Amino acid sequence: MFVEVAPPTRLVPALPPNAGTSTTRPSHGSDTAATGAAGTGVAAASGAADASPAPRDRRSAGSLARLLGRGIVPYLYLAPALGMLVVWIYRPLIQTANYSFYSWNLSPDQPAIPQGWHNYHRLFTLPEVGSSVLRTISMIALLLPFTIIIPIIVGLLTAEVRGRARTLYQALIFAPFLVAPVASAAVWQWMLTPDSGIVNRATGLKTNWLHERLPALLSITGIAGWQMLGFAVLVVSAGLASINGDYSEAASVDGASRWQSTRWLTLPLLSPTLVFLVLTTVLLAGTWTFPLIDTLTQGGPVSATTNIYYLLWQYGFKSFDAGFAAAAGVIFFAGFTLVAAFLVWLSDRLTFHDN
């Protein structure tokens, strides 16, 4: 027997008769309040939208500042050195190039007179300029054994010295480099005296070392080479110490003699050091010999020891022709720059590096 049950019904509350049709109009004050609230909400929303990327902008600005700071910091460290280069190197070079077109006697009361290219024309027509260049080349050639050949021999012979003996050897051989050139020139002048000098007594010669053409040139370069020998030996010793000893051991295992290891391993790996010494000798030979020339021979006898540096000094501070000396300085500076560039180019193609 089945009984049918009706579904439950939902009771809806009764409304007043005018509830569904009548509407209440808001007053003017409530409308203004609603509008203000809406405006405030929109403004707040737009402000929130504008303020939302602010942290990201600050982060990007901070990272940019850090990157710029990292890029600027190295230059801040270099700024003092660069400032000194500008003040003491580049500014005088520019002033020298400017003075080369004038005639001036270094007197502050006398104005510089424009000369155009006349100083350069005189420079290429005077025979003494060419002679001084040849003497400078001769001095460089005579100094190369003191800065290349002898240091290699001494460095190879003393490579096995260890302990306190090595320190004593380095101190003894480096000591002449520490002596002031003028002081050493005074001692050598006494040693080279023709009558009572130690050199003539020891050799039995009667040579006037400082007043004859060839002996004077040999004396100047010999004294300069003696002073620079210690520096060159230490540079060569440092180069030998940087070479890995495994190469020589492997060569000896393969049956190579010591001379073969030196010829085919040590010297090629020492080539960057030797190129550095050659470049130093070529560029600084005139500077090394200038105080000796000025103290011992004053460019004589008969200009036998006048190199280009001493000739420039004579033009500027004996003849008081600053414009001509400046022109000669510009030409020689350009010449030595080309020589240095050629040596650097040659070193990149001839040197071997221990990688």
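None of the values given here were measured: they were computed from a predicted structure. Only this structure's heavy atoms are used, side chains among them; waters, hydrogens and symmetry mates stay out.
Each side-chain hydrogen bond (donor to acceptor under 3.5 Å, both in side chains) pair with one or both residues in residues 223-236, not counting sequence neighbours, appears once here: Ser184-Gln227.
One hydrophobic cluster holds both Met228 and Phe174 under the rule that ILVMFWY side chains link at heavy-atom gaps under 4.5 Å. Hydrophobic cluster membership is shared by Leu126 and Leu312, with clusters built from Ile, Leu, Val, Met, Phe, Trp and Tyr side chains linked at under 4.5 angstrom. Note: the hydrophobic cluster containing Ile148 does not contain Val275 (ILVMFWY, side chain heavy atoms under 4.5 Å, direct or indirect links). Grouping the Ile, Leu, Val, Met, Phe, Trp and Tyr side chains by contacts below 4.5 angstrom, directly or via other members, places Trp188 with Leu205. Under the 4.5 Å side-chain heavy-atom criterion for grouping Ile, Leu, Val, Met, Phe, Trp and Tyr, Trp264 is not connected to Leu156 through any hydrophobic cluster.
Across all their heavy atoms, Pro145 and Pro151 have their closest contact at O-CD, 3.7 Å. Annotation for Leu270 and Ile243: closest pair N-CD1, 4.2 Å, computed over non-hydrogen atoms. Here the closest non-hydrogen pair linking Gly286 and Tyr309 is CA-CD1, 3.3 Å. Closest heavy-atom contact between Gln110 and Trp104: O-NE1, 3.0 Å. Of all heavy-atom pairs spanning Pro194 and Asn208, the tightest one is CG-OD1, 3.4 Å. The heavy-atom pair separating Val199 from Thr203 by the smallest distance is O-OG1, 2.7 Å.
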Can you give me every donor-acceptor pair (side chain of residues 85-100, partner residue at least two apart or in another chain, under 3.5 Å) with its distance?
| residue | atom | partner | partner atom | Å |
| --- | --- | --- | --- | --- |
| Thr96 | OG1 | Pro92 | O | 2.7 |
| Ser100 | OG | Ala97 | O | 2.6 |
| Ser100 | OG | Tyr120 | OH | 2.7 |

Identify every side-chain donor-acceptor pair in residues 335-347 under 3.5 Å, counting partners at least two apart or on other chains, and give the distances.
| residue | atom | partner | partner atom | Å |
| --- | --- | --- | --- | --- |
| Thr337 | OG1 | Phe333 | O | 2.7 |
| Ser347 | OG | Leu343 | O | 3.4 |
| Ser347 | OG | Val344 | O | 2.7 |

Show every donor-acceptor pair shorter than 3.5 Å between a side-chain atom in residues 277-285 and any protein atom, with sequence neighbours excluded, or say none if there are none.
| residue | atom | partner | partner atom | Å |
| --- | --- | --- | --- | --- |
| Thr280 | OG1 | Phe276 | O | 2.8 |
| Thr281 | OG1 | Thr147 | OG1 | 3.0 |
| Thr281 | OG1 | Leu277 | O | 2.7 |

For residues 131-139, which side-chain N or O atoms pair as donor and acceptor with protein atoms under 3.5 Å away, sequence neighbours left out?
| residue | atom | partner | partner atom | Å |
| --- | --- | --- | --- | --- |
| Ser131 | OG | Pro127 | O | 3.2 |
| Ser132 | OG | Glu128 | O | 3.4 |
| Ser132 | OG | Val129 | O | 2.7 |
| Arg135 | NE | Ser303 | O | 2.8 |
| Arg135 | NE | Thr306 | O | 2.8 |
| Arg135 | NH1 | Ser303 | O | 3.1 |
| Arg135 | NH2 | Ser303 | O | 3.3 |
| Thr136 | OG1 | Ser132 | O | 2.7 |
| Thr136 | OG1 | Ile308 | N | 3.1 |
| Ser138 | OG | Leu134 | O | 3.0 |

Which pairs of donor and acceptor atoms, one on a side chain in residues 214-225, lie under 3.5 Å apart (sequence neighbours left out)?
| residue | atom | partner | partner atom | Å |
| --- | --- | --- | --- | --- |
| Ser219 | OG | Trp209 | O | 3.4 |
| Ser219 | OG | Pro215 | O | 2.7 |
| Thr221 | OG1 | Leu217 | O | 2.9 |
| Thr221 | OG1 | Leu218 | O | 3.2 |

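Residues Phe324 and Leu123 have side chains in contact (heavy-atom distance under 4.5 Å, counting atoms from C-beta outward). Looking at heavy atoms from C-beta onward, Ser196 lies in side-chain contact with Arg201 at the 4.5 angstrom threshold. Between Ile293 and Gln298 the shortest side-chain heavy-atom distance does not fall below 4.5 Å.
Connectivity analysis of hydrophobic side chains (ILVMFWY, heavy atoms under 4.5 Å, direct or indirect) links Leu168 to Leu172. When hydrophobic side chains of Ile, Leu, Val, Met, Phe, Trp and Tyr are connected at separations under 4.5 Å, Ile113 ends up as a singleton with no cluster partners. With side-chain heavy atoms closer than 4.5 Å counting as contact, directly or through intermediates, the hydrophobic cluster containing Val233 also holds Phe146, Ile150, Val154, Tyr169, Ile173, Leu229.
Residues passing the salt bridge (Lys or Arg N to Asp or Glu O under 4.0 Å) test with Asp321 are Arg122, sequence neighbours excluded. Considering only residues two or more places apart in sequence or on other chains, Phe332 meets the ring-ring contact (aromatic ring centres under 6.0 Å, His included) condition with none of them. Pro291 pairs by the side-chain contact (heavy atoms from CB on, under 4.5 Å) definition with Pro181, not counting sequence neighbours.
Counting only distance, with no hydrogens or angles, the side chain of Ser242 and the backbone of Gly239 share a donor-acceptor pair below 3.5 Å. At least one donor-acceptor pair under 3.5 Å links the side chain of Asn119 to the backbone N or O of Tyr102. Looking at Asn105, its side chain does come within 3.5 Å of a backbone N or O of Ser107 through a donor-acceptor pair.
Close placement of the Phe231 and Phe177 rings is indicated, their centers lying within 6.0 Å of each other.
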Subject >> Working for side-chain contact (heavy atoms from CB on, under 4.5 Å), residues Ile152 and Leu267 >> reply: CA-CA 9 Å; Ile152 291 176; Leu267 292 181; 4.1 Å; yes
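Here the NZ atom belonging to Lys318 is positioned 11.0 Å from the CG atom belonging to Leu311, to the nearest 0.5 angstrom. Rounding to the nearest 0.5 Å places CD1 of Ile140 at 10.0 Å from CH2 of Trp288. Atoms CG and CG, on Leu296 and Leu192 in that order, are 8.0 Å from each other to the nearest 0.5 Å.
Between the side chains of Thr289 and Asn307, a donor-acceptor pair is found at a separation under 3.5 Å. In this structure, a donor-acceptor pair under 3.5 Å is present between the side chains of Thr305 and Thr297.
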